[in-house]
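A note on names: the letters A, B, ... follow the listed sequences, proteins ahead of strands, and every chain is numbered from 1. These values consider heavy atoms only, across backbone and side chains, with no hydrogens, waters or symmetry-generated copies.
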Amino acid sequence: MLQDDQETTSENSAYNSSVYRLRHSTAHVLAEAVCELFPGTKLGIGPPTDDGFYYDFLVPRAVTVEDLQVIEERMRSSIEAGLAFSGREVSREEAKDIEKDQPFKLEIIDELSETETVTFYRHGSFEDLCRGGHTDSTAEIVAFKLLSVAGAYWRGDETRPMLQRIYGTAFESQDDLDAHLIRLEEAQKRDHRRLGLELDLFLMDPIAPASPFFLPKGTVVYQSLVRYVQDLYQRSGYQEVITPQIFDTELWKRSGHYDNYKDNMYFIRHEDREYGLKPMNCPAHALIYSSRLRSYRDLPIRFADFGRLHRYERSGVTHGLTRVRTFSQDDAHIFCTPDQVAGEVRTLINMYQQTYSLFKFKEVRIALSLRPEKRVGSDEIWDTAETALRRVLEEADLPFESVTGEGAFYGPKIDFFVPDALSREWQLGTIQLDFSLPERFDLEYVSDDGLRQRPVVLHKAMIGSLERFMGILIEHFAGAFPVWLAPVQAVIIPIADRHAEYAEHIRRQLSDGGLRVEVNDRNERMNSKIREAQLQKVPYMLIVGDREEEDKTVSVRLRSNEDMGSLAVGQAVEIIREAVSNNS
RNA sequence: GCCACCGUAGCUCAGUGGUAGAGCAGCGGUUUCGUAAACCGCAGGCCAACGGUUCAAAUCCGUUCGGUGGCUCCA
């Protein structure tokens, strides 16, 4: 049931490092400034984060971006004053008295365990309930910047009040801060939404919110990814199937989606019948499985499906290609005997690892998610399943972390995470065991002793949503796709009109060689055409002028600015084809 | 969904109560050029939509739609 596979996660910070204390201290100075500039402010929490800090406030009026400068100035005066940080321990009653006008702080005090001491930290006249971890003095804050304001629910809970969160960052030197700000700018330049527009890959239109239109060039990349996966399927015993988009609601009641996933589904009412647009493929595959009697000799049966899925995502959470309302996955369901699970999982892990390294993702993190409190199936089944998954991971000698309670209600799973160019982490692959689906659809096979047995189902998605994977790839490669994925693999640049015929001759040779090639015969100077090709990140530029025509060569320039000089046409074709077949 | 902000030409943006602007892209010419932007000209907008305030609205107010940054980092 591949739920919530579009979530991101992030790492926790090293807790008591000097930069942590610096940021924590800066957060206190921020709180001081806000309290002074906005009398009546109620304080939330203000922790440091991986690359900065924030503080949550309930303020009498909304804080705007313009306010940030004013707040920064007020903060600077505290910093220039060089105020010392000092802590003190108080009794619980005293703490409550100090914070009597601060409802969020009172809540925190009430939730502190009896064994913990209550401490306050002060700099100048500002004192805050705080566990501690500060610089000696505000003077140590030499480089900070407030970045943005945002809404944030108290304790991340939608039913609690919405606070104003001010994000900022601080570093131990101005150079470090500047470097960080430049990094943020660089990251913006490789934002897939921006590159998608610049490289003509896809577009969004308000008429279909959160639903991408893939343009011809984006479609080339998309289909290349599909073909890559299909090639793996072909070699690994998968059978691709095509299943309906719309099913009577009855199916979703049977699969459990109606009870558990209704809010994320689209429904259509037609001629007194209610239909649901599929958010997942599994029920359809279960129907195919159960359409005939299956023998243990048939297993494992692996059904793959690139079917288009629709999931309603709340308006505030959609984002470019990475969180959309319609997408397709490299989704497959493996129906097998309990004994076959380990072998299947082992094969999948190999396939995943091979693929992630092909796309040059380093540092793949693997998580084994174990039984949650609410679950189906006996403890015995869970023991067996969890042990099987763990053993496979251990035998493969892969580092992984076990997370208790994070498994799906229908079975444990292995998830694969990769960091993108902004070191945000994305879940790509997942391998999920499912005890529930076979029950709900009463799936069976005839075993070697002639008895009817229940198969186990594995949900497989290696790159997950193709839409999101493309978004990640665009940012990962900053739009400079490997040659095998590049929408245009080579562009031919005739220097003057008289070279057009020769250029066309070359184009045909590359096309015949199976390459995606264009001739730039616009009435522009060569320099301009090179610039266009560079900006479009075309891997190979083949420049042809008098000299090349004379010698039957092409002059090859790479998008890395490297000049390969003149090559015979056949030689150039071979070099490019070589790059394609190497998946480079 | 919630909070803040934003929506002006294909793109990036200026214009904050008084006749809609620029650069790039596009189109038409000229130019025929050797490794990241030739030159001249032309065209292009119901200022997201709807409603209101005003003599007058891109500009002020409201609603709707869309987008951006956030909403797990626990005193």
Trainee: For Ala62(A) and Ile108(A), take the nucleotide of RNA chain B holding the closest heavy atom to each; which residue's nucleotide lies nearer the 5' end?
Mentor: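 The 5'-side residue here is Ala62(A).
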Trainee: Check whether Phe171(A) forms a cation-pi arrangement with Arg23(A) (NZ or CZ under 6.0 Å from the six-membered ring centre, at most 45° off the ring normal).
Mentor: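 Positive - Arg23(A) is close enough to the ring of Phe171(A) and near enough to its axis.
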Trainee: Both distances under 3.5 Å, Watson-Crick or G-U wobble: report the partner of C73(B), or none.
Mentor: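 Partner of C73(B): none found under 3.5 Å.
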Trainee: For the pair Asp157(A) and Arg155(A), find out whether any cationic side-chain nitrogen is under 4.0 Å from an anionic carboxylate oxygen.
Mentor: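 No salt bridge links Asp157(A) with Arg155(A).
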Trainee: Identify the nucleotide, in any strand shown, that forms a Watson-Crick or G-U wobble pair with G26(B), with both distances under 3.5 Å; if there is none, say none.
Mentor: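 Answer to the pairing question: C42(B), which forms a Watson-Crick or G-U pair with G26(B).
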Trainee: Between protein and nucleotides 24-27 of chain B, what N or O pairs are separated by less than 3.5 Å?
Mentor:
from   : atom 1 : to        : atom 2 : distance (Å)
G26(B) : OP1    : Arg522(A) : NH1    : 2.8

Trainee: Relative to the 5' end of RNA chain B, which residue comes earlier, Ser148(A) or Gly316(A), by the nucleotide with the nearest heavy atom?
Mentor: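 By nearest-heavy-atom nucleotide position, the 5'-most residue is Gly316(A).
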Trainee: C33(B), OP1 or OP2 - any side-chain N/O from Arg498(A) closer than 4.0 Å?
Mentor: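 Answer yes for this pair, as a side-chain N or O of Arg498(A) is under 4.0 Å from OP1 or OP2.
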Trainee: If the threshold is 4.0 Å, N to carboxylate O, is there a salt bridge linking Arg88(A) and Glu127(A)?
Mentor: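 Yes, Arg88(A) and Glu127(A) are salt-bridged.
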Trainee: Do Arg325(A) side-chain atoms and Tyr312(A) backbone N/O form a donor-acceptor pair below 3.5 Å?
Mentor: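 No, the answer is negative, given that no donor and acceptor are paired below the 3.5 Å cut-off.
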Trainee: Tell me if a side-chain donor or acceptor on Ser148(A) pairs with a main-chain N or O of Tyr167(A) at a distance below 3.5 Å.
Mentor: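 Side chain of Ser148(A) to backbone of Tyr167(A), a donor-acceptor pair under 3.5 Å: no, none is there.
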Trainee: Report yes or no: does His499(A) contribute a side-chain atom to a donor-acceptor pair with the main-chain N or O of Ala496(A) at less than 3.5 Å?
Mentor: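 At least one qualifying donor-acceptor pair exists.
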Trainee: Is it the case that the side chains of Glu501(A) and His505(A) hold a donor-acceptor pair, with the cut-off being a distance below 3.5 Å and no angle test?
Mentor: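 Per modelled atom types, His505(A) and Glu501(A) side chains form no pair under 3.5 Å.
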Trainee: Given atom CZ of Phe38(A) and atom C1' of A4(B), what is their separation to the nearest angstrom?
Mentor: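 Taking CZ of Phe38(A) and C1' of A4(B), I get 13 Å after rounding.
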Trainee: Would you classify Tyr54(A) as touching base, sugar-phosphate or nothing, given that sugar-phosphate means primed atoms plus P, OP1 and OP2, and contacts are heavy atoms under 4.0 Å?
Mentor: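 The residue Tyr54(A) makes sugar-phosphate contact but no base contact.
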Trainee: Tell me the interatomic distance from Leu163(A), atom CG, to C3(B), atom P, rounded to whole angstroms.
Mentor: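 Going from Leu163(A) (CG) to C3(B) (P), I get 13 Å.
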Trainee: Find the partner of U31(B): check Watson-Crick (N1-N3 plus N6-O4 or O6-N4) and G-U wobble (N1-O2, O6-N3) distances, both under 3.5 Å, and reply none if neither fits.
Mentor: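 Its partner: none found.
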Trainee: Have a look at Tyr167(A) and say if it touches a base, only the backbone sugar-phosphate, or nothing, with a 4.0 Å heavy-atom cut-off.
Mentor: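 It contacts sugar-phosphate atoms only.
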Trainee: Would you tabulate the nitrogen or oxygen pairs shorter than 3.5 Å linking the protein to nucleotides 7-16 of chain B?
Mentor:
none

Trainee: Between Glu313(A) and Thr318(A) (side chain of the first, backbone of the second, donor and acceptor by atom type, cut-off under 3.5 Å), is there such a pair?
Mentor: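 Not a single qualifying donor-acceptor pair exists.
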Trainee: Would you measure the distance from the P atom in C13(B) across to the matching atom in U19(B) and give it in whole Å?
Mentor: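 Per the computed distance, 26 Å lies between those P atoms.
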Trainee: Can you tell me which nucleotide in U35(B), A37(B), C74(B) comes closest to the side chain of Ser528(A)?
Mentor: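 In terms of side-chain proximity for Ser528(A), the closest of U35(B), A37(B), C74(B) is A37(B).
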Trainee: Taking the P atom of each, how far is A49(B) from C11(B), in whole Å?
Mentor: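 So the two P atoms sit 15 Å from each other.
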Trainee: So, do Phe469(A) and Phe327(A) have ring centers that fall under 6.0 Å from each other?
Mentor: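 For Phe469(A) and Phe327(A), the ring centres are not under 6.0 Å apart.
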Trainee: Between G18(B) and A58(B), how many Å separate the two P atoms, rounded to a whole number?
Mentor: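 One P to the other, the span is 10 Å.
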Trainee: Asn523(A) CG to C39(B) C1': how many Å, rounded?
Mentor: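 To the nearest whole Å, that distance equals 11 Å.
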Trainee: With rounding to whole Å, what would you report as the distance between G44(B) and G10(B) at their P atoms?
Mentor: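 Nearest-Å result for G44(B) against G10(B) at atom P: 12 Å.
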Trainee: Between the side chain of Gln489(A) and the main-chain N/O of Arg516(A), is any donor-acceptor distance below 3.5 Å?
Mentor: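 Confirmed, Gln489(A) side chain pairs with Arg516(A) backbone.
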Trainee: Step through it carefully: locate the ring centre of Tyr55(A), locate the ring centre of Phe53(A), and say whether they are under 6.0 Å apart.
Mentor: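 No, they do not, as the ring centres are separated by 6.0 Å or more.
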Trainee: Check residues 196-216 of chain A and write down every donor-acceptor pair under 3.5 Å in which the side-chain atom is one partner and the other belongs to a residue at least two apart or another chain.
Mentor:
from      : atom 1 : to        : atom 2 : distance (Å)
Glu198(A) : OE2    : Arg194(A) : NE     : 3.3
Asp205(A) : OD1    : Ile207(A) : N      : 2.8
Ser211(A) : OG     : Pro209(A) : O      : 3.0

Trainee: Between the main-chain N or O of Lys529(A) and the side-chain N or O of Glu524(A), is there a donor-acceptor pair closer than 3.5 Å?
Mentor: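 Not confirmed, Glu524(A) side chain does not pair with Lys529(A) backbone.
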Trainee: To the nearest Å, how far apart are Met541(A) CE and A37(B) P?
Mentor: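 Interatomic distance, CE of Met541(A) to P of A37(B): 13 Å.
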Trainee: With the threshold set at 4.0 Å, does a side-chain nitrogen-carboxylate oxygen contact exist between Glu532(A) and Arg522(A)?
Mentor: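 Arg522(A) and Glu532(A): salt-bridged.
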Trainee: Over how many whole Å does the gap from Gln536(A) atom CD to A36(B) atom P extend?
Mentor: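 Taking CD of Gln536(A) and P of A36(B), I get 17 Å after rounding.
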Trainee: With respect to the side chain of Ile45(A), which nucleotide from G34(B), C73(B), G70(B) is positioned closest?
Mentor: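 Among G34(B), C73(B), G70(B), the one nearest the side chain of Ile45(A) is C73(B).
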Trainee: Select base, sugar-phosphate, or nothing to describe what Gln164(A) touches, counting heavy atoms under 4.0 Å on all strands.
Mentor: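 If one applies the 4.0 Å heavy-atom cut-off, Gln164(A) turns out to touch the sugar-phosphate alone, with no base involved.
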Trainee: Thr64(A) side chain: which of U35(B), C5(B), U32(B) is closest?
Mentor: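 It is C5(B).
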Trainee: Return the value, rounded to whole Å, for the distance between atom CE of Met162(A) and atom C1' of G69(B).
Mentor: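 About 12 Å, once rounded to whole Å.
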Trainee: Which part of the nucleic acid, if any, lies within contact of Ile493(A), taking any heavy atom under 4.0 Å across all strands shown: a base, the sugar-phosphate backbone alone, or nothing?
Mentor: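 Touches nothing.
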Trainee: Can a donor-acceptor pair under 3.5 Å be found between the side-chain atoms of Asp497(A) and the base atoms of U32(B)?
Mentor: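 Indeed, a donor on one side and an acceptor on the other fall under 3.5 Å apart.
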Trainee: Measure from the side chain of Asp546(A), starting at C-beta and using heavy atoms only, and say which of G34(B), A36(B), G1(B) lies closest.
Mentor: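 Of the options given, the side chain of Asp546(A) lies nearest G34(B).
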Trainee: Please confirm whether any donor atom in the side chain of Arg525(A) sits under 3.5 Å from an acceptor in the base of A38(B), or the reverse.
Mentor: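 When only heavy-atom distances are counted, Arg525(A) does not reach the base of A38(B) through any donor-acceptor pair under 3.5 Å.
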Trainee: Can you list, in residue-number order, the parts of residues 552-575 of chain A that come under 4.0 Å of RNA chain B, counting heavy atoms only?
Mentor: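 Going residue by residue through residues 552-575 of chain A, the ones with a heavy atom under 4.0 Å of RNA chain B turn out to be Ser555(A), Arg557(A), Asn561(A).
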Trainee: Identify all side-chain donor-acceptor contacts of residues 30-40 of chain A below 3.5 Å with residues at least two apart in sequence or on another chain.
Mentor:
from     : atom 1 : to        : atom 2 : distance (Å)
Glu32(A) : OE1    : Ser78(A)  : OG     : 2.6
Glu32(A) : OE1    : His123(A) : NE2    : 2.8
Glu32(A) : OE2    : Arg74(A)  : NH2    : 3.4
Glu32(A) : OE2    : Ser78(A)  : OG     : 3.2
Glu36(A) : OE1    : Arg74(A)  : NE     : 3.2
Glu36(A) : OE1    : Arg74(A)  : NH2    : 2.7
Glu36(A) : OE2    : Arg74(A)  : NE     : 2.6

Trainee: Using the P atom in both, what is the distance from G15(B) to U8(B), to the nearest Å?
Mentor: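 Nearest-Å result for G15(B) against U8(B) at atom P: 14 Å.
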Trainee: Going 5' to 3' through nucleotides 58-68 of chain B, assign each nucleotide B (protein heavy atom under 4.0 Å from a base atom), S (under 4.0 Å only from sugar-phosphate atoms) or - (no protein heavy atom that close).
Mentor: --------SSS
Trainee: Is a side-chain N or O of Lys42(A) found less than 3.5 angstrom from the main chain of Asp101(A), in a donor-acceptor match?
Mentor: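 Checked: pair present.
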Trainee: Calculate the interatomic distance between Ile166(A) atom CD1 and C5(B) atom P; express it in whole Å.
Mentor: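 Result: 13 Å.
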Trainee: Look at the aromatic rings of His28(A) and His134(A) and report parallel, tilted or perpendicular, splitting at 30° and 60°.
Mentor: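 Aromatic pair His28(A)/His134(A) classed perpendicular.
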Trainee: Between Tyr153(A) and U72(B), does any side-chain N or O lie under 4.0 Å from OP1 or OP2?
Mentor: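 The answer is no; no side-chain N or O of Tyr153(A) sits under 4.0 Å from OP1 or OP2.
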Trainee: What is the nucleic acid contact for Tyr312(A), judged by heavy atoms within less than 4.0 Å: base, sugar-phosphate only, or nothing?
Mentor: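 Since only primed, P, OP1 and OP2 atoms lie under 4.0 Å of Tyr312(A), the category is sugar-phosphate.
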Trainee: How far, in whole Å, is U54(B) from C61(B) if one measures between their C1' atoms?
Mentor: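 Their C1' atoms lie roughly 12 Å apart.
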Trainee: For the P atoms, the ones on C40(B) and on U35(B), what distance do you get once it is rounded to whole angstrom?
Mentor: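 It works out to 23 Å between them.
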Trainee: Quick one: Trp154(A) CH2 to U72(B) P, roughly how many Å, whole number?
Mentor: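 To the nearest whole Å, that distance equals 13 Å.
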Trainee: Any donor-acceptor pair under 3.5 Å between the side chain of Glu548(A) and the base of G34(B)?
Mentor: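 Check passes, donor-acceptor contact within cut-off.
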Trainee: Could you measure between the two P atoms, the one in C24(B) and the one in U31(B), and give it in whole Å?
Mentor: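 It works out to 22 Å between them.
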